[in-house]
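Following: one structure in structure tokens, then a few remarks.
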Amino acid sequence: MNYAQFIAGQFRQGASGKYIHIFNPANGQPLGEYACASEADVEQAISAAADAFRSWRVRSPLERSSLLRRVAELMKEREEAFARQISLELGKPIAESRKEVATAWEMFEWSAEEARRLYGRVIPARTRGTTQTMLLEPMGPVAAFAGWNAPAITPARKISGALAAGCTVVLKPSEETAGVALLLAQAIQDAGIPDGVVNMVFGDAAEIAGQLCGSPKIAMLTFTGATAVGKTLGAKAASTLKRATLELGGHAPVIVTADVDVDRVVKAAVATKFRNSGQFCVCPTRFLIDERIFARFSAQFASAAQAWRVGDPFDPATQMGPLKNQRRLDAVERLVDDARGRGLEIAAGGQRIDAPGFYYRPTVILQPGADSDVSNIEPFGPIALLSAFTDLDAAIAEANRLPFGLAAYGFTNHLGTADRLAHEIEAGAVCINEWQASLPETPFGGYKDSGLGSEGGIEGLREFLRVKCVRQSAGT
């Protein structure tokens, strides 16, 4: 992989004189290095996006649709290259990486279809000879920020939505998974999307964010990442009246009632919990189990976690790879150490794996209580918390206790209970008897400290559009 910046259609090294080194989390070995973007590089990317916006915004929806569809086709053709890069840079098992690529190209395919259906409306006028119409117009150049935990999906969602709406983009992907983003940049270029419509810059995250948020040429920002960072960027955007879409952290609850098929729910729950080593924002973490099935559920869950195969992402037998970096490994260890220090029962895992790379065993903590660190801080790692509840009111109250509300899950065979969970849990995505919190065609956004606005679906596409009302009367 030739790591670089992508500015105005050119892959080139940054001019800052500072370098970023990328490592394979499975063995700690270096994958490459590249020079960070300088302030001038970022300004050139902003200017390229602003210049390209003038022509991109007037491209017909049919043209934009065709180009986005071509990106999707190229990503399909290059699926194995994308998947391999994800596994190398993130440590995700190769089978999971292939699924991520499929979802990423679906983002482009879905946006290509919706680009042709960005309808306005005609509003009945009060007087004859007057027309009133509502038009949807692109916001303008967009500053986009993507994290490392979904290095194909998150950039694909942001870029495809922005481009479908007629906007241009300056994307700051994660420096730690730069290669995946650059494969996407190559597909965008090869599809024939004009230079400057999409730009990617890598470097000092805080400096780049400040420059993008402060630029008068940038019309809005879209950010996926930690809540604290999102709040800071949202405040910067507000100071210059930029629109901001923020998809932030979570601590997803799972309510399981006594009438479910325990074997079936446990099997799916373990697979979902430890997907991507628990490093995804809608990861189920706080399992609230009816006390009548708690002993059986927790025993089966812990047994399955103990048997979960952790290892080389490229080994077909591997079910979970390493954590992304030393920071995540240390953070997970701190949470488990706090639980251990409080005398909590660790029914599975609870320690690093003695091997090269950033491996940690799938961990299950029973009855963590509301005061332990792990009950309040998003683990973003392979930790499952299992607690018993006596009545549904208490379970819903616990599910809503934290200031997060990104995703939540409920498992029940009672229609009345399902209705209560759907309407009373405070989260942007509530999944009843299933685990898929986000798809290209569905809106995705958080309540409370988990975000602002939506991504995905027509609601996400509308974030990149502004409303204009045109009233026109017959000439005098």
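Note that the structure is a prediction, hence the values are computed from the model and not measured.
With Phe358 as the aromatic partner, Arg328 does not meet the cation-pi criteria of under 6.0 angstrom to the ring centre and within 45 degrees of the ring axis.
In summary, Arg401 and Glu426 do not engage in a salt bridge, as defined by a charged side-chain N under 4.0 Å from a carboxylate O. Note on Glu80 versus Arg98: salt bridge recorded, some NZ/NE/NH1/NH2 to OD/OE distance being below 4.0 Å. Using a cut-off of 4.0 Å between Lys/Arg side-chain N and Asp/Glu carboxylate O, Arg352 and Asp330 are scored as salt-bridged. With respect to the salt-bridge test (charged N to carboxylate O, under 4.0 angstrom), the residues Arg69 and Glu106 do not qualify. Using a cutoff of 4.0 Å between basic side-chain nitrogens and carboxylate oxygens, Lys99 and Glu96 are not scored as salt-bridged. Remark: Asp41 engages Arg12 in a salt bridge, criterion side-chain N to carboxylate O under 4.0 Å.
No donor-acceptor contact under 3.5 angstrom links the side chains of Thr222 and Thr245, judged on distance only. Between the side chains of Ser97 and Ser87, at least one donor N or O lies within less than 3.5 Å of an accepting N or O. Using a 3.5 Å distance cut-off with no hydrogens or angles, the side chains of Glu378 and His251 do not pair a donor with an acceptor.
Here Glu333 contributes atom CD and Asp338 contributes atom CG; the two are 12.5 Å apart, rounded to the nearest 0.5 Å.
Here the side chain of Glu33 pairs no donor or acceptor atom with the backbone of Ile20 at under 3.5 angstrom.
Pairs passing the side-chain hydrogen bond (donor to acceptor under 3.5 Å, both in side chains) check and including a residue from residues 432-441, sequence neighbours excluded, read Arg157-Ser438.
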